[in-house]
Amino acid sequence: MSALEWSPADIGFAGAAVPRRPHLVVLPGGAGHSAPAGPVRLTRRGRLALLGLAVAIAALVGLVGMRGAGAAEQLPTITVAPGQTLSEVALAELPEMSISEGVLAIQMANQMSTAQVSAGQELVIPRS
């Protein structure tokens, strides 16, 4: 008998069956090959859920749009008179604030980097 020919009896398995190779078992949902999935079908509950989601998104967009419309209100403006300073404008237009707070508020509302103003310049006056 050659080295490649043997039987179970040769290695002490008298009467034992020859071991078999294990079979590959693919469970449903496993990583093995599966049949192609059919088309996705929505139930009535699914369609209602999608409709509700669409209505909620539309309502949210509408509310955000209405909120943004209020920000478009015009703030009062004044025209700087010849010889008038920003401090004088702040004192006259924002009397409830200190002069320095009023100057800063006007600068921020008009995106000014300095307190320099010139005659005829339009300034937005923020609401206090």
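- The side-chain heavy atoms of P126 and I106, taken from C-beta on, include a pair separated by under 4.5 Å.
- Follow the hydrophobic side-chain contacts under 4.5 Å out from I99 and you reach M112 in the same cluster.
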Checking Q84 against V89 for the side-chain contact (heavy atoms from CB on, under 4.5 Å) test, could you report, in this order, the C-alpha distance in whole Å, the side-chain angles of both residues, the deciding distance, and whether it holds? CA-CA 7 Å; Q84 194 174 25; V89 172; 3.6 Å; yes
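- Nearest heavy-atom pair, P95 versus A92, reported as atom, atom and distance to 0.1 Å: CD-O, 4.0 Å.
- For the pair Q107/V103, a side-chain contact is recorded, criterion being any heavy-atom separation below 4.5 Å from C-beta on.
- Residues I78 and L104 fall into different hydrophobic clusters, defined by Ile, Leu, Val, Met, Phe, Trp and Tyr side chains chained together at heavy-atom separations under 4.5 Å.
- Counting only distance, with no hydrogens or angles, the side chain of R127 and the backbone of L75 share no donor-acceptor pair below 3.5 Å.
- Crowding of E122 atom CD: a count of heavy atoms from other residues, nucleotides or ligands under 6.0 Å exceeding 12.
- Here the side chains of P76 and E93 are not in contact, with every heavy-atom distance at 4.5 Å or above.
- In this structure, L94 and E96 have side chains that are in contact, with non-hydrogen atoms separated by less than 4.5 Å.
- Residue L48 holds its CG atom at 6.0 Å from CZ of R44, rounded to the nearest 0.5 Å.
- Rounding to the nearest 0.5 Å gives a distance of 13.0 Å between CE of M97 and CG of L91.
- With a 4.5 Å cut-off on side-chain heavy atoms, T85 and V80 do not count as touching.
- Side-chain N or O atoms of T43 include one that pairs as donor or acceptor with a backbone N or O of G46 at under 3.5 Å.
- Looking at L86 and L123, their side chains come closer than 4.5 Å, going by heavy atoms from C-beta outward.
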